[in-house]
Amino acid sequence: MKKLVTLSALLLAGAGAMVTAQQTEQPATPPAGQQPAQAAPAAPANPAAPKSLEDQASYVIGLNIGRNLKAQEVPANLDVVMKGLRDGLSGAQPVMTDEEMQAAMNTFQQQMMAKQESRMKEEGDKNKKAADEFLATNKAKKGVVTTASGLQYEVVKEGTGASPKATDQVTVHYTGTLLDGTKFDSSVDRGQPATFPVNQVIPGWTEALQLMKVGGKYKLYIPPALGYGDRGAGAQIGPNALLVFDVELLGIGEPAAEQAPPQGEPQQ
């Protein structure tokens, strides 16, 4: 039965996440030797809300299971879900054997994966078309340079001195946005520049950085093939998304050996 919990675990993992995430204010530290007081939960403002703590917790568990099912677009039958919950909580004999449940979940997960792949392909085709159309128009703009690979860039401010090699380590400030202007990453917003080896980031960055000089500021338009391709990255960067970066090269260090890019940096 261990494999059977795969999908269930994903759905139940967030059961308490909403409550945990909302606990942003920490209670004051009690004096040494004194146990922290257990705060009583505030009474819900909505008259329709559960009254007892057990019922409130039960509601939160159910709400989060429902939200996870909806977010993952799982076509669950609510009546049958409730039947399963009741049987599980009461210890009743399941109406399916372990083998039947395992076979059903394996097939169901395969169908869900196929649907997800179909959605990803549809989104990827849409994003690629938008990227191709944008790049075709953008290359005609004054100041935009298009390289042999398809990378496009604008020199906002030219730097001085040497350009980094692929094996060099560089320090940069950057802000990354999608084609619609959505910001997905920014060392500027974090207030701390990123340092990483030139050859350990996405191909568009590796190429562009070697064109820059210290102190230079470039605006990069990175085609999907030089970014994250049809796999996308994280929740914000979809498949075949065109990426736009404002990059400032702050410095070049010594050649770096197998150093991982910092968290938040557009990795390869």
Side-chain angles (χ1 to χ4, degrees), residues 1-124 182 184-185 228 230-239 263-264:
M1 287 295 293
K2 290 184 178 179
K3 293 183 179 179
L4 187 62
V5 302
T6 304
L7 181 61
S8 300
L10 290 173
L11 296 173
L12 288 167
M18 179 177 66
V19 175
T20 303
Q22 290 176 347
Q23 293 175 341
T24 55
E25 294 185 5
Q26 299 296 325
T29 304
Q34 179 180 334
Q35 294 295 325
Q38 183 67 41
N46 189 339
K51 301 300 186 290
S52 72
L53 179 60
E54 180 179 332
D55 286 350
Q56 290 173 9
S58 298
Y59 178 78
V60 172
I61 291 171
L63 180 65
N64 280 281
I65 290 175
R67 284 177 171 173
N68 282 321
L69 288 169
K70 181 178 180 181
Q72 298 182 47
E73 299 183 8
V74 177
N77 184 318
L78 180 58
D79 291 336
V80 183
V81 169
M82 295 304 297
K83 166 67 174 171
L85 284 172
R86 290 191 184 97
D87 287 353
L89 287 169
S90 67
Q93 179 68 28
V95 297
M96 299 169 65
T97 65
D98 288 355
E99 291 75 15
E100 288 171 338
M101 288 190 283
Q102 185 65 67
M105 291 307 295
N106 286 342
T107 302
F108 184 74
Q109 289 176 344
Q110 289 171 6
Q111 291 180 353
M112 291 295 294
M113 289 177 63
K115 288 182 179 179
Q116 175 65 17
E117 290 173 359
S118 178
R119 285 194 296 268
M120 288 285 286
K121 184 180 185 307
E122 183 178 349
E123 182 183 355
T182 300
F184 60 82
D185 194 10
Y228 294 101
D230 58 11
R231 71 187 187 277
Q236 289 186 290
I237 302 176
Q263 184 177 5

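Side chains are part of it too, since the values below use all heavy atoms of this structure and drop only hydrogens, waters and symmetry mates.
- A distance of 9.0 Å separates CD in Glu73 from NZ in Lys115, rounded to the nearest 0.5 Å.
- Scored by the side-chain contact (heavy atoms from CB on, under 4.5 Å) test, Ala71 finds no partners at all (sequence neighbours excluded).
- Considering CD of Gln109 and CD of Gln111, their distance stands at 11.0 Å, rounded to 0.5 Å.
- Looking at Met112 and Pro75, their side chains come closer than 4.5 Å, going by heavy atoms from C-beta outward.
- When side chains are defined from C-beta on, Leu78 counts as touching Met82, because their heavy atoms get closer than 4.5 Å.
- For residues 44-56, no residue pair satisfies the salt bridge (Lys or Arg N to Asp or Glu O under 4.0 Å) rule, not counting sequence neighbours.
- Atom CD of residue Gln116 and atom CD of residue Glu123 lie 9.0 Å apart, to the nearest 0.5 angstrom.
- Nearest heavy-atom pair, Met120 versus Asp230, reported as atom, atom and distance to 0.1 Å: CE-O, 4.1 Å.
- For the residue pair Gln102 / Asp98, no side-chain donor-acceptor distance below 3.5 Å is found, with atom types taken as modelled.
- A search for side-chain hydrogen bond (donor to acceptor under 3.5 Å, both in side chains) contacts involving Lys83 returns Asp87, not counting sequence neighbours.
- Applying the 6.0 Å contact sphere to CD of Glu122 captures no more than 12 heavy atoms from other residues, nucleotides or ligands.
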